[in-house]
Amino acid sequence: MLSIGRKAYNYGLFAYLNTTAMTIIQIQQILREAVIAAAHSRFGVELEQVVAEIPPRTELGDLAFPVAFELAKKIKQATGEKKNPRELAEVLKAEIETIPAVACVEVAGAGYLNIFFDRAAFLSANAAADPLPNRALSTDPSSPKVCVEHTSVNPNKAAHIGHVRNSVLGDTFQRILKATGKRVEIQNYIDNTGVQVADVVVGFLFIENMNIDAIKDLDKELSDAGQTFDYYCWDLYARVGVEYQSNEALKEKRTEVLHLIEEGNNETAELADYVATRNVECIVDTMERLSIRYDLLPRESEILHLHFWDRAFEQMKQLGVIRYETEGKQAGCWVMPFEEHVGDADNETDKILVRSNGTVTYTGKDIAYQLWKLGILGLDFCYREFFKYPDGREVWITRSDETTETVHPPFGGGETIYNVIDTRQSYPQDIVRKGVAAISPERGEKASVHLSYEMVALSPAAAEELGFRLSDEDRKRPFIEMSGRKGLGVKADDLIDRLEANALAEVEVRHPDTPADEKRGIAHQIAVGALRYFLLKFTRNTVIVFDFKEALSFEGETGLFCQYSAVRANSIFRKLAEQDETVLDSRMDLVAMGSLADVFSSIDGNDIWSMAILASRLEETVEQAAMQNEPAILAKYTFTLAKAFNLFYHNHKIIAETDEIKRAVLVVVADIARRALTNALDTLGIEVPDKM
RNA sequence: GGUCCCGUAGCUCAGUUGGAUAGAGCGUUCGCCUCCUAAGUGAAAGGCCGGUGGUUCGAAUCCACCCGGGAUCACCA
């Protein structure tokens, strides 16, 4: 049994506080094993896994096992004997109750095994515990490395809200993985040789009649006028789209331009590279506003020029993964047989990787890229530093010339690869995964994870607010899909600007005497919190129908609500500091005073304990979010935690509390809560302002 | 047509892998600042969990079939 008091002093106070902390995950694991062992020894039943759940109310305990039902079923199957689940639960109860950290066990309902932790012991032991203890491993070279690809916006225009969903999802997931101890490499794939870039190049060359120098001049004019290159390209791209509809000649130019870009080493390719690179810079700047960063920008041009595909092609041919079609409508193509199918209807063909003209499809290139990510291609990119973030962190970009040796960090070769790509690309992603698994069966399909998510669409009202004319038919639709080609979408920077402006107006009212810089900083933190939380509170497979009112809201379930809760928590400790008190004092008081049980058995006991136990569940919530590839789980938890803290804050006047023991408990619990909240928000990429 | 996703309160969404009285925000109605930040908080009203069958101690959750809505199935990327 964990105990407090004299024993703690024998071992030294700090050692006690730091080393005997048993997390909920650990307690849970011990209990699971105990249940399995008890089922074996008392009933001769082998349980493979035991489901543990959180009871609906604190009065029902801290952990529940609905295991007696399953046990009854298994006993009946084995012996034919019908047992009452409640009686089975009573037997298990006796076995589990002796475990340290468990105060008592109750059999409830039809046979639930409800576990009550030893509250005083738990609190004393976890008062100083790190809410995310594994996070430190994320910088440990011996930790397993994973790669996360996200953002990957075509570098021909500004990013819109749909791209931001991708990036926020990817960035948050990356933070979640790090919180579980994984080493993470973040890649933002740059499709700098695709049709979308070609389209904008066509616009510059044949609509605007500009050469590269003219574009550079334009770029400078734009920045002098406070405008951005990616916004200019956004409009130009839309104009090209309109022009294509009536101008066949221009459309033919596209094929020509695309060819030149792919080939490289010509003026058009140089111009395209300038356009693409400038757009990448703009998009990276936009994402930096949202605290989203990258390690490497792999480019399609290098996949072409370094012949990644050729290497993958050889491997696939040798292993018989792909087949050359000699007849039928796919004659002359290399295809990958996909799924069992009968017939040869239009929708039942194999996936073509190499066209009859010998060129490789996007999916083919993607397989080669995925092989590189997994470290099994047998080729590597060349690299150069692209830029440094203000804090010195480097971002690298790929290049194809090997003339100069550059010392660079190792890239690629991840144990698991997460690709954050919207659900519309599930089919090609499936092919990539299967193709890669065919080449490397030992790694298999599990090594490639498609982190898919539904699109962000516009409500008809939002589309009209952006100035788009809708037909009566469109107005009746549940949502309107955004389209870069049509120039229809909410640009990321516009939305962030509006959020910052709204937040600033409010900060001006609340803190008129604060320096302007600081006010802008707070407004920025609020804007980022609002946008990130807005995109994260939806689960991945929910279509977000964008609505300005909802997205700009600072009320209810928002990032701001969570931030505000943390700010209020911090103000308690600021006040304490003004009285020369620290959390450490309270922690020591806790151990020294011993009789915490009284506090928990008082009227407010359940209330205080609920706060403590909820805040202690961050680690398992993060694990769960990582396991299920679902950041929304963490977002929801964070909101619940903030709400619980607001209630706690409302019900207990901590600084004014006169009962010494209770006050120490309240301080320690408030501290656990604010650290959990701060860490949860940090994992969501949301900062806590100094004041709000 | 095949595959996949969605359908839960007036609206927007969660629902811990099959568990206890189905939750939250917005909106509506009525309350709470001599007190650590009211961007907060309490209460009320609001549900055929799309439908019908099935599986079992037990189903919003699993299975089958329907009904609505969406995505996807290129020698596009």
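Every chain is numbered from 1, with letters handed out A, B, ... down the list of sequences. All of these numbers come straight from a predicted model, not from anything done at the bench.
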Interatomic distance, Glu53(A) CD vs G18(B) P [rounded to whole Å]: 11 Å
Asn646(A) side chain near U41(B) phosphate (N/O to OP1/OP2, under 4.0 Å): yes
For nucleotides 12-15 of chain B, list the nitrogen or oxygen atoms of the protein found under 3.5 Å from its nitrogen or oxygen atoms, one pair per line.
residue, atom, partner, partner atom, Å
U12(B), O2', Glu550(A), OE2, 3.2
C13(B), OP1, Val543(A), O, 3.4
A14(B), OP1, Thr539(A), N, 2.9
A14(B), OP1, Thr539(A), OG1, 2.3
A14(B), OP1, Thr542(A), OG1, 2.4

Is any side-chain N or O of Arg424(A) closer than 4.0 Å to OP1 or OP2 of C5(B)? no
Within a reach of under 6.0 Å around CG of Asp690(A), are more than 12 heavy atoms found that belong to other residues, nucleotides or ligands? no
How many whole angstroms separate atom CG of Leu647(A) from atom P of G40(B)? 14 Å
Whole-Å distance between A71(B) P and Glu454(A) CD? 9 Å
Touch check for Phe573(A), heavy atoms < 4.0 angstrom, all strands: base, sugar-phosphate only, or nothing? nothing
Considering just the side-chain nitrogens and oxygens of Tyr564(A), establish if one lies under 4.0 Å of OP1 or OP2 belonging to A39(B). yes
Check: U37(B) base within 3.5 Å donor-acceptor of Arg510(A) side chain: no
With a 3.5 Å cut-off and no angle check, do the side chains of Thr558(A) and Lys537(A) form a donor-acceptor pair? no
Using the six-membered ring of Tyr189(A), assess whether NZ or CZ of Arg299(A) lies under 6.0 Å from its centre and within 45 degrees of the ring axis. no
Roughly how many Å is it from CG in Leu641(A) to P in U16(B), rounded to a whole number? 20 Å
Residue Met692(A), side-chain heavy atoms: nucleotide from C36(B), G25(B), A39(B) that is nearest: A39(B)
Dot-bracket pairing map - RNA chain B, Watson-Crick plus G-U, both contacts under 3.5 Å, | cross-strand: (((((((..((((.....[...)))).(((((.......))))).....(((((..]....))))))))))))....
In whole Å, I'd like the distance from the CD atom of Gln28(A) to the P atom of U16(B). 15 Å
Would you classify Ala551(A) as touching base, sugar-phosphate or nothing, given that sugar-phosphate means primed atoms plus P, OP1 and OP2, and contacts are heavy atoms under 4.0 Å? nothing
Would Arg568(A) count as a cation-pi partner of Phe645(A), with NZ or CZ less than 6.0 Å from the six-membered ring centre and within 45° of the ring normal? no
With heavy atoms under 4.0 Å as the rule, sort Gln196(A) into base, sugar-phosphate or nothing. nothing
Whole-Å gap separating P (G68(B)) and NZ (Lys476(A)): 18 Å
Look at Arg617(A) and U16(B) and indicate whether a side-chain polar atom (N or O) is within less than 4.0 Å of OP1 or OP2. no
Could you check how far CD1 of Ile431(A) sits from P of C73(B), rounded to whole Å? 10 Å
